Enquirer: 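Before I ask anything, let me first share the structure, which is written out below as structure tokens.
All figures in this text were calculated on a predicted structure; none of them were measured in a lab. By convention in this document, chain letters (A, B, ...) are assigned in the order of the sequence lines, proteins followed by strands, and residues within each chain are numbered from 1. Heavy-atom basis, side chains included; hydrogens, waters and symmetry copies ignored.
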Amino acid sequence: DAKTTQPNSMESNEEEPVHLPCNHSTISGTDYIHWYRQLPSQGPEYVIHGLTSNVNNRMASLAIAEDRKSSTLILHRATLRDAAVYYCILRDYDNAGNMLTFGGGTRLMVKP
Amino acid sequence: NAGVTQTPKFRILKIGQSMTLQCAQDMNHNYMYWYRQDPGMGLKLIYYSVGAGITDKGEVPNGYNVSRSTTEDFPLRLELAAPSQTSVYFCASSRFQTPPPGQSLNIVLDEQYFGPGTRLTVT
């Protein structure tokens with residue numbers, strides 16, 4: 001799987017939007033972009049994924065650049081509960097195993 | 001549904017001891033995984049299984065063994081525990097499906113569901 005680059009940490013104020021960037025300049029045509037997050041002392045949880053088009057769900061939005069070399073996870077109104085490590089992961093469905101390769105992620109801190 | 005359950009939550013082992021970490025899921029998922037997470041790091045895949053009777057190595061399999069005799073259970077065995085195996089262990093499962101021909105790939109969903117983890121210390 002191609003690698004991703006994320007800032008180590010970011011800070012946000014409660015109830016403000018948060019834009020978490022991810023660079024993946026070596027992404028291939030069959031790589032999906034997945035986001036997971038890990039709340040303190042918990043296992044990771046799925047947030048959202050996409051291939052080419054922007055995606056929305058109840059948790060977040062995913063904006064994918066036209067050349068697919070970068071993407072942004074958008075939390076529309078950060079809450080204290082959104083404080084977590086956010087992982088941007090590329091998944092190639094041509095590979096067997098369906099495994100996730102986690103990098104360091106971005107630690108999001110939310111200030112009240 | 002209980003989702004993915006793991007036992008025990010915590011365990012302290014002495015060097016050279018053995019133990020089995022239990023993992024079970026009640027979602028009828030075909031894929032199951034074991035990851036470990038060292039402090040301040042991302043997760044690394046130890047072993048995975050694509051169905052009962054089928055297992056394969058991940059990124060860091062040395063020192064571990066797995067079996068998958070049923071769809072529901074995927075135990076991880078540590079033989080001869082070493083301090084380097086001190087970590088938090090997460091089990092996960094997913095219902096992987098290949099996108100049907102012609103279908104928009106954006107709607108394929110195979111999210112992995114993670115258990116709460118087992119914190120293991122080897123001293």
Enquirer: Side chain from CB out, backbone as N, CA, C, O: work out which of these in Q6(B) comes under 4.5 Å of a heavy atom of chain A, or both, or neither.
Expert: neither
Enquirer: Locate the shortest heavy-atom distance separating Y87(A) from M41(B); write the atom from each residue and the value.
Expert: OH-O, 3.9 Å
Enquirer: With clusters defined by side-chain heavy atoms of hydrophobic residues (ILVMFWY) lying less than 4.5 Å apart, directly or transitively, does M19(B) cluster with I46(B)?
Expert: yes
Enquirer: Under 6.0 Å from the CG atom of D67(A), do we count more than 12 heavy atoms belonging to anything else shown?
Expert: yes
Enquirer: Between Y46(A) and F114(B), does the side-chain contact (heavy atoms from CB on, under 4.5 Å) criterion hold? Intermediate values first, please.
Expert: CA-CA 9 Å; Y46(A) 168 85; F114(B) 285 79; over 6 Å; no
Enquirer: Test of understanding: clusters of I, L, V, M, F, W, Y form through side-chain heavy atoms closer than 4.5 Å, transitively. Do Y31(B) and W34(B) belong to the same one?
Expert: no
Enquirer: Report whether L75(A) and M109(A) are members of the same hydrophobic cluster (ILVMFWY, side-chain heavy atoms less than 4.5 Å apart, transitive linking).
Expert: no
Enquirer: Heavy-atom count check: over 12 atoms from other residues, nucleotides or ligands less than 6.0 Å from R107(A) CZ?
Expert: no
Enquirer: Identify the two heavy atoms, one from F90(B) and one from Q38(A), that lie closest to each other, and give their separation to 0.1 Å.
Expert: CZ-NE2, 3.6 Å
Enquirer: Where is the tightest heavy-atom contact between Q112(B) and Y36(A), given as atom of each residue plus distance?
Expert: N-OH, 2.7 Å
Enquirer: Less than 4.5 Å to any heavy atom of chain A: does that hold for the side chain of L45(B), its backbone, both, or neither?
Expert: side chain
Enquirer: Could you measure the distance from the NZ atom of K44(B) to the OG1 atom of T101(A)? Nearest 0.5 Å is fine.
Expert: 11.0 Å
Enquirer: Does atom CZ of R77(B) have more than 12 heavy-atom neighbours from other groups under 6.0 Å away?
Expert: yes
Enquirer: Does atom CG (L39(A)) have a neighbourhood of more than 12 heavy atoms from anything else shown, all under 6.0 Å?
Expert: yes
Enquirer: How long is the straight-line distance from OH of Y48(B) back to CG of L100(A), given to the nearest 0.5 Å?
Expert: 12.5 Å
Enquirer: Can you tell which of G43(A), G104(A), G105(A), P44(A) has the highest number of heavy-atom pairs within less than 4.5 Å of chain B?
Expert: P44(A)
